[in-house]
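A quick write-up on the structure given underneath.
These values consider heavy atoms only, across backbone and side chains, with no hydrogens, waters or symmetry-generated copies. What you see is a predicted model, and the numbers here were worked out from it, not measured in a lab.
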Amino acid sequence: MKIKELWKLIDNICPAELAEEWDNSGPQISFEEDELTKVLVALEVTFDVIKEAVSKNANCILTHHPQFFDGNAWITPEYTIGKYTLELVKNRISVYSAHTSFDSLKGGNNDYFGKVLGIESISMPSDEGMYRLGDIKKMKVADLIHYICERLSIDERFVHLVGNPNKEVSRIAWCTGAGFDMSYSAYNDGAECFITGDLKYHDARDAKERGMTIIDIGHFGSEKIFAENMASLLRDAAPDIDIIESEMVEDPFVGGLI
């Protein structure tokens, strides 16, 4: 199979048109006429992931986070993205990113997040395809945080809460990554608690004034499930392709040191 045929296969699983307008899902670096050797599925490109791909003879990296995201992406050695790109090109490694297209996808990040947590009656709101709603056994918010951290192997020191930890909830909503903007719609749809990552200070203040309960489990914490889910979907679609999940799964943040 050529790299360009893999792109078509991925697009059949996760159509690029599902991505948000501001997003950059799709091929990032493409040696499309090269024969595919192996696919390495990772949350994002890092130097460790590139080294892993080289050592495992994978000439394609399939990520969630785009290689090129901001408008100013200079391919020069003094910039991190530039260093990544030069190293990838030197080793003829192609990169495809399934970002918000995979967040919206039925069976993608948000549905899989709910599955991992054992949430029941998961639904996709009709006016917003990104976040999900579902039901869980009634429990205090503090206990819900413990439960989430246990199921997702998250260090509780990374979690931030807006709201009362003793509040009991059973109807929850979530959006993996940075999804706070969808919390207002989720609350209008009956959510008692919203789970996401990357909560900003002023958004937290606004949520508190509105009486909302927001659990921030971190961007990494909410999306590190990507590789296992995407790899599984790709294996189902193409069992003859050699697909491996990256072992380089590391949060850039360091937990509490005191």
Partners meeting side-chain hydrogen bond (donor to acceptor under 3.5 Å, both in side chains) with Asp111 (sequence neighbours left out):
Arg132
Residues Leu88, Ile61; criterion side chain to side chain contact (heavy atoms under 4.5 Å, CB included); working and verdict
CA-CA 10 Å; Leu88 289 161; Ile61 301 175; 3.9 Å; yes
When rounded to the nearest 0.5 angstrom, what is the spacing between CZ in Phe31 and CG in Asn91?
9.0 Å
When rounded to the nearest 0.5 angstrom, what is the spacing between CD1 in Ile81 and CD1 in Ile75?
8.0 Å
Test side-chain hydrogen bond (donor to acceptor under 3.5 Å, both in side chains) applied to Asn229 - qualifying residues, sequence neighbours left out:
none
Salt bridge or not between Glu87 and Lys90? Use side-chain N to carboxylate O under 4.0 Å.
yes
Using the ring-ring contact (aromatic ring centres under 6.0 Å, His included) rule, collect all pairs that involve residues 223-243, keeping only residues at least two apart or in two chains.
His64-Phe226, Phe102-Phe226
Measure from the side-chain N and O atoms of Asn110 to the backbone N and O of Thr176, and report whether any donor-acceptor pair falls under 3.5 Å.
yes
Minimum heavy-atom distance between Ile215 and Cys193, given as atom pair plus value
CD1-SG, 3.6 Å
Under-4.0 Å salt bridge between Glu32 and Lys2:
no
Quick one: do Tyr131 and Leu199 end up in the same hydrophobic cluster if we chain Ile, Leu, Val, Met, Phe, Trp and Tyr together by side-chain heavy atoms under 4.5 Å apart?
yes
Can you name the side-chain hydrogen bond (donor to acceptor under 3.5 Å, both in side chains) partners of Thr46, sequence neighbours left out?
none
Should the ring pair Trp22 and His99 be called parallel, tilted or perpendicular, given that the plane angle runs from 0 to 90° and is split at 30 and 60?
perpendicular
In short, Ser101 meets Pro15 closest at the heavy-atom pair CB-O, 3.6 Å
To the nearest 0.5 Å, what is the distance between CG on Leu62 and OG on Ser246?
11.5 Å
How many angstroms lie between OG in Ser104 and CD in Glu17, if you round to the nearest 0.5 Å?
11.0 Å
Side-chain H-bond candidate by donor/acceptor type, Ser97 with Thr63, under 3.5 Å:
yes
Here the gap from Leu117 atom CG to Ile136 atom CD1, rounded to the nearest 0.5 Å, amounts to 6.0 Å
Ring pair (Phe, Tyr, Trp, His ring centres under 6.0 Å) against Tyr147, all qualifying residues, sequence neighbours excluded:
none
Of all pairs that satisfy ring-ring contact (aromatic ring centres under 6.0 Å, His included), the ones with a partner from residues 188-221, not counting sequence neighbours:
His65-His219
Glu192/Lys138 salt bridge by N-O under 4.0 Å criterion
no
As an exercise, state the distance from NZ of Lys38 to CD1 of Ile243, rounded to the nearest 0.5 Å.
11.5 Å
